[in-house]
There are 2 protein chains.
Amino acid sequence: MHSFTEENYLKVIFHLFQVQKMPVQTNAIAGKLNTRAASVTDMLKKLADKKLINYIRYQGVTLTEQGKSTAIQIIRRHRLWEVFLVEKLNFGWDEVHDIAEELEHVGYQPLIERLDKFLGYPKRDPHGDLIPDSSGEFEIAVQTGLLELPENTRAIIIGVTEHSSPYLKHLEKLGLTIGESLLIEGITSYDGTLELNCAGKKISISRKVAQHILVSTKNQ
Amino acid sequence: MHSFTEENYLKVIFHLFQVQKMPVQTNAIAGKLNTRAASVTDMLKKLADKKLINYIRYQGVTLTEQGKSTAIQIIRRHRLWEVFLVEKLNFGWDEVHDIAEELEHVGYQPLIERLDKFLGYPKRDPHGDLIPDSSGEFEIAVQTGLLELPENTRAIIIGVTEHSSPYLKHLEKLGLTIGESLLIEGITSYDGTLELNCAGKKISISRKVAQHILVSTKNQ
DNA sequence: TTTTAATTTTAGATAAATCTAAAAAAAATT
DNA sequence: AATTTTTTTTAGATTTATCTAAAATTAAAA
Ligand SMILES: [Mn+2]
Ligand SMILES: [Mn+2]
Ligand SMILES: [Mn+2]
Ligand SMILES: [Mn+2]
């Protein structure tokens, strides 16, 4: 259907739009895909011809309904494969992203539906990201950035917004993994370092580390 | 490492050489890959440059040790994914080949080793083909073509040499699946039709159907 | 051993995805 | 408002894998 490359462009446009909520710029795409602005312009014309994006020269792009639905299917595949790799093949959460980047392009609908069933219809991937259902619907995420909470709040880690292996390994070493409950015991006034209590252990983390942690304050 | 396309050429050369035990001809490769002889020649030059094949103009090709080992790794991936699709995702043996054609190109060694472990180190794929181990060694296949046996022989179906969905569906309808035990009750002298007894049921199959069935006569 | 047929290779084109360098447009500064 | 900077687009090449048509080589038949 769509080439490997086209799929990667759609996915990147989807993610960038989610963050910025503004038409996505050529340079931003080039940055994410490690390519040049000129190459991006070429591909944008192609995707516009295929009615996958709305593209006006110099104005950035948004996904059409068709483009959005395609992007979501790719994200669904990516996240389901990540669950498979962690739950069934016992990979660490820091090892699976790159493998899933390849597996996500194996496009045969029944494969994904059966994989989903085999995995027990998981709601979230190993990084806490929501997995869209087969019709492309996401559950509504009830989540807050750890940095937004005041002192003396209790929260449960439900996700991370940074998927690099060094970062995830670091969190794991600190014991800050998904599902863990924590209490913000203090926020240092000088540099904002967070003093946490997690599973009875005192941990202090910088704002740089904390900024990518998503938590839930529901169910205490 | 190697492109999708290069991997497919290596796999095809490996398979053709196994059948013919002679240097593989340009046209034969073109036939298997649904491409043109001229395209094959181009690719053969490239593979020869990469020391994956031994290529002399007009003389056909053989795989180098490196090419052979690469081809075997791809076959290993293909067959392990087929086992996964049948055993874990409950696909039929006639549905998995095309999906495995895509999955086999996801090349990350630890993925395949963990998949192998997860599947319990299977020896054969759903079509009875042997799965090479991680060092590329095949078990020795003790198998005979069903057409080579005389009347009144008992045998067990251990594989098929034709993987198309219509053929496999046909066998399944007849109850001729892997592991089934059968008795050759007669061979019609006029057109060679085989009269089989399989699981108490009398079945007659043409030579065209029988020619792709592999059996074992060991263990009765 | 010619002649014919089949196979394989070259020559030259094309399509997809990329690039660099230069031009054009938009945004930010003075 | 004019100038500078940033961003984006075009123009023109390059790389990879493919193709058709014609030439070269090998194999088969007469
Ligand atoms: Mn990921
Ligand atoms: Mn993820
Ligand atoms: Mn197969
Ligand atoms: Mn198989």
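Note that the coordinates shown come from a computational prediction; the quantities given were computed from them, not determined experimentally. Labels below follow one simple rule: chain letters A, B, ... track the order of the sequence lines, proteins then strands, and each chain is numbered from 1.
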What residue among B/His163, B/His97, B/His212 forms ring pair (Phe, Tyr, Trp, His ring centres under 6.0 Å) with B/His127?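 For B/His127, the ring pair (Phe, Tyr, Trp, His ring centres under 6.0 Å) test succeeds with only one of B/His163, B/His97, B/His212, which is B/His163.
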[options]: which one has an atom nearest the side-chain heavy atoms of [X]?
| X | options | result |
| --- | --- | --- |
| A/Thr26 | C/dT9, D/dT8, D/dT18 | D/dT8 |
| A/Tyr58 | C/dT10, C/dA26, D/dT18 | C/dA26 |
| B/Ala38 | C/dT18, D/dA21, D/dT26 | D/dA21 |
| B/Arg57 | D/dT25, C/dA26, D/dC19 | D/dT25 |

Are [X] and [N] close enough that a side-chain N or O sits under 4.0 Å from OP1 or OP2?
| X | N | answer |
| --- | --- | --- |
| B/Thr35 | D/dC19 | yes |
| B/Arg36 | D/dT20 | yes |
| B/Lys45 | C/dT9 | no |

Provide, to the nearest angstrom, the distance between the [atom1] atom belonging to [X] and the [atom2] atom belonging to [N].
| X | N | atom1 | atom2 | result |
| --- | --- | --- | --- | --- |
| A/Glu6 | C/dT18 | CD | P | 10 Å |
| A/Gln25 | C/dA26 | CD | P | 13 Å |
| A/Ile56 | D/dT8 | CD1 | P | 14 Å |
| A/Asn27 | D/dT7 | CG | C1' | 6 Å |
| B/Met22 | C/dT7 | CE | C1' | 14 Å |
| A/Tyr9 | C/dA16 | OH | P | 15 Å |
| A/Asp42 | C/dC19 | CG | P | 10 Å |
| A/Gln59 | D/dT8 | CD | P | 10 Å |

Regarding [X], tell me which of base, sugar-phosphate or nothing describes its non-hydrogen contacts under 4.0 Å with the strands shown.
| X | value |
| --- | --- |
| B/Thr41 | base |
| A/Tyr55 | sugar-phosphate |
| A/Phe4 | nothing |
| A/Ser39 | base |

Check ion pair B/Glu104-B/Arg79 (N to O, under 4.0 angstrom):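 Answer for the salt bridge query: no.
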Distance-only donor-acceptor check, side chains [X] and [Y], under 3.5 Å:
| X | Y | result |
| --- | --- | --- |
| A/Asp129 | A/His78 | no |
| B/Thr62 | B/Asn54 | yes |
| B/Glu7 | B/His105 | yes |

